[in-house]
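Written out below as structure tokens is the structure these notes cover.
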Amino acid sequence: MAREFTSVGVVGLGTMGAGIVEVFARNGIDVVAVEISAAAVERGRATLTGSTDRAVAKGKLAEADRDALLARVDWQVGLDALHSVDLVIEAVPEHLDLKQRIFAELDRVCKPEAILATNTSSLSVTEISVATTRPNQVIGIHFFNPAPIMKLVEVVRTVVTSADVVADVEALCERLGKVDVTISDRAGFIANALLFGYLNHAVSMFESRYATREDIDAAMKLGCGLPMGPLALMDLIGLDTAYEILDTMYRRGGRDRRHAPVPLIKQMVTAGLLGRKSGRGFYTYERPGSPVVVPDEHTPVTTGGALADGARATAKVGIVGSGTMATGIIEVFAKAGYEVISVTRGAEKSAKVCEAVKTSLNKGVVRGKLSEEDRDAALGRVTWSATLDHLADVDLVVEAVVEELSVKKALFASLDEICKPGVVLATTTSSLPVIDVAMATQRPADVIGLHFFNPAPIMPLVEIVQTIRTSAETSATARAVCAALGKTGVVCGDRSGFIVNALLFPYLNDAVKMLEASYSTADDIDYAMKLGCGYPMGPFELLDVVGLDVSLAIQRELYLELREPGFAPAPLLEHLVTAGYLGRKSGRGFRDHTKR
Ligand SMILES: NC(=O)c1ccc[n+]([C@@H]2O[C@H](COP(=O)([O-])OP(=O)(O)OC[C@H]3O[C@@H](n4cnc5c(N)ncnc54)[C@H](O)[C@@H]3O)[C@@H](O)[C@H]2O)c1
């Protein structure tokens, strides 16, 4: 017979524990909430009251329901209060010895049939379980932060966990309105194994001043549609907890250097900069525990639309190319009021591009996003040409031709001869070194990368790629242009993958490796990232959309430039590409898209 869970215990009422208490109490289950001291109990109680009061204020919870919810919680100091609960979830700091001590104590205190669960993110559930005399009743129940909101629960079964315990916990998750994925005991399970290498990499970008915290976070939010940027997420998780998770994953997960905590994290923990919970981490918060970011000495000064730091005035723009990106970029500039000269390799191509721009603008009209007058005005601003000579007096050139270095270099050499002095020459390359293109001209200081995302009229992000030769004036001009286009420009250095691809593709590659190792299924991995981390698409959905060949090419570039062993493309990805399984475009990738 399935177990009835009428009362549960939660041990540790910090970031996770307080949220877990709320999840149970909201679903009609009595909770004994335990902490180490009266002050810590009060902190946990304040977190729950704050959260439920906010829900009432937002009209998401009736006052009477809040009162009933709070009445279900029995706040206690010390584990002895857990003698008659049916299940305990432990959520104390991520230290094996501490957890083992607590489990030994729980084993002594709790009734024999009680299930003992840990919310650990990275420690071995098996090692925790052997501190008890009932390892078959020990299981991992890994909630995601914030527990009341995130739908996913990873249920971690060890080799000795009883099948009925697993089944009962799965049924409990369902009762709590959660989606569970059941997996075996491996460092980081699904979500953290895929997440923490990415978070650590983002911290290393920040530490090496590759980009600012705001730009790294904006890049991942706007470029990938993530609910928050990696540094803001580190602050939410807590830097002390993140450090422990990375450290354990490094030691348990095959000493992958990408999990060795970036030194800055340890320094911040030592300095008490733990993230939201201490009021300061990568960002500064209104007060400890508050989600509200307040300006500090690192907050960039906005210029309110004025031309910043000696940016050059830009009115006339040349756009070279006739593909998807060029077409989108023409539309973006024309809509923003720039005079545009489109240069393609012939009248036929120009006619095609012109048609594509018209079709896209018409869609805007049909959807009520653009008036007919504005559409006509935008089209009227574009001149169609098949010769670069017409770019002699433009202020900015955006190159969006084929992704081949020799072609781009030849084009930049020609632009160098044709264009007037002072023009900004930009390349939209997504994988080639901008400096190679810059050095094809006699004016590398004027050359910069403007990496638009596809589809350019919709995606709000542009990566502004500065080489070691780019002048401050050129960079300021690029930033001013992005602002005038209504795009968020993020500034970064000239390294493979810039910000977004460098952070995104290794994560996708890791998901393929996880699938290849048969740790989980494509469906469960996709669920884990969507429901546990709020990603708009799971890694396999995204790989099929982006194209497996494109993903493999980007991953190879990253590997070749950085020589990071963990970046080596997953053999399964290579095999699928070889087999012609390229994703949606070929009808089959990780999934079969030919069936409806
Ligand atoms: N922070 C996250 O985003 C996140 C997400 C999922 C899982 N986890 C996991 O949840 C667990 C807790 O992490 P957290 O971020 O909530 O930590 P936290 O530091 O915010 O909270 C831990 C709490 O445990 C209490 N505690 C310490 N020793 C205790 C004891 N002997 N008895 C009772 N309470 C004790 C502390 O007073 C503190 O309030 C860790 O295993 C972590 O890996 C964290």
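Each ligand, and each atom within it, is numbered from 1 in the order the structure gives. Basis for what follows: all heavy atoms, side chains included, without hydrogens, waters or symmetry-related copies. From a predicted model like this one, the values you see are computed outputs, not experimental measurements.
Among protein heavy atoms, the minimum distance from atom 28 (N) of ligand 1 is reached at I36 CD1, 3.7 Å. Of the protein's non-hydrogen atoms, T241 OG1, 3.2 Å is the one closest to atom 15 (O) of ligand 1. In this structure, atom 44 (C) of ligand 1 lies nearest to the protein heavy atom M16 CG, 3.2 Å.
Shown in contact with S121 at under 4.0 Å from a heavy atom are these atoms of ligand 1, numbered in order with element: 6 (C), 7 (C), 8 (N), 9 (C), 42 (C), 43 (O), 44 (C). Residue contact check: V11 has heavy atoms under 4.0 Å from atoms 32 (N), 33 (C) of ligand 1. If you number the atoms of ligand 1 from 1 as listed, the ones under 4.0 Å from a heavy atom of N145 come out as 1 (N), 2 (C), 3 (O). Of all atoms in ligand 1, numbered sequentially from 1 with element shown, those under 4.0 Å from a heavy atom of K277 are 18 (P), 19 (O), 20 (O). Atoms of ligand 1 lying under 4.0 Å from any heavy atom of G14, numbered from 1 in the order shown and given with element: 16 (O), 20 (O), 21 (O), 23 (C), 39 (O). Close approach of ligand 1 to R43 (heavy-atom distance below 4.0 Å) involves ligand atoms 37 (O), 39 (O).
Around the CD atom of E4, the shell of radius 6.0 Å holds no more than 12 heavy atoms that belong to other residues, nucleotides or ligands.
Judged by the 6.0 Å and 45° rule, R175 forms no cation-pi pair with F5. A cation-pi geometry, defined here as NZ or CZ lying under 6.0 Å from the six-membered ring centre and within 45° of its normal, does not hold between R257 and Y250.
In this model, a donor atom of one side chain and an acceptor atom of the other lie less than 3.5 Å apart for D235 and Y285. Judged purely by distance below 3.5 Å, without hydrogens or angles, the side chains of D30 and S7 never pair a donor atom with an acceptor atom. Under 3.5 Å, the side chains of T284 and R280 contain a donor-acceptor pair of N or O atoms.
Residue contacts with ligand 1 for I102 involve side-chain atoms from C-beta outward but no N, CA, C or O (heavy atoms, distance under 4.0 Å). Residue V92 touches ligand 1 through backbone and side chain together, judged by heavy-atom distances below 4.0 Å. With a 4.0 Å cut-off on non-hydrogen atoms, F144 does not touch ligand 1 at all.
Polar contact check, E94 against ligand 1: a nitrogen or oxygen pair lies under 3.5 Å apart.
By the 4.0 Å heavy-atom criterion, G238 is excluded from the residues contacting ligand 1. Taking 4.0 Å as the cut-off, E244 does not count as a neighbour of ligand 1 on heavy-atom distance.
Minimum interatomic distance between I237 and T241 (heavy atoms only, all atoms of both residues): O-CB, 3.9 Å. Contact detail for A528 and I190: the closest heavy-atom pair is CB-CG2, 3.6 Å. Taking every heavy atom of both residues into account, L548 and L543 meet most closely at CD1-O, 3.4 Å.
Looking at E35, H142, E90 and measuring to atom 23 (C) of ligand 1, the nearest heavy atom belongs to E35. Considering I237, T120, I245, N119 only, the shortest heavy-atom separation from atom 9 (C) of ligand 1 involves N119. With distances taken over non-hydrogen atoms, the option nearest atom 27 (C) of ligand 1 out of P93, G78, G12 is P93.
Rounding to the nearest 0.5 angstrom, the gap separating the CG atom in L87 from the CG atom in D168 is 10.0 Å.
F453 and H451 have tilted rings, their planes meeting at an angle from 30° to 60° on a 0 to 90° scale.
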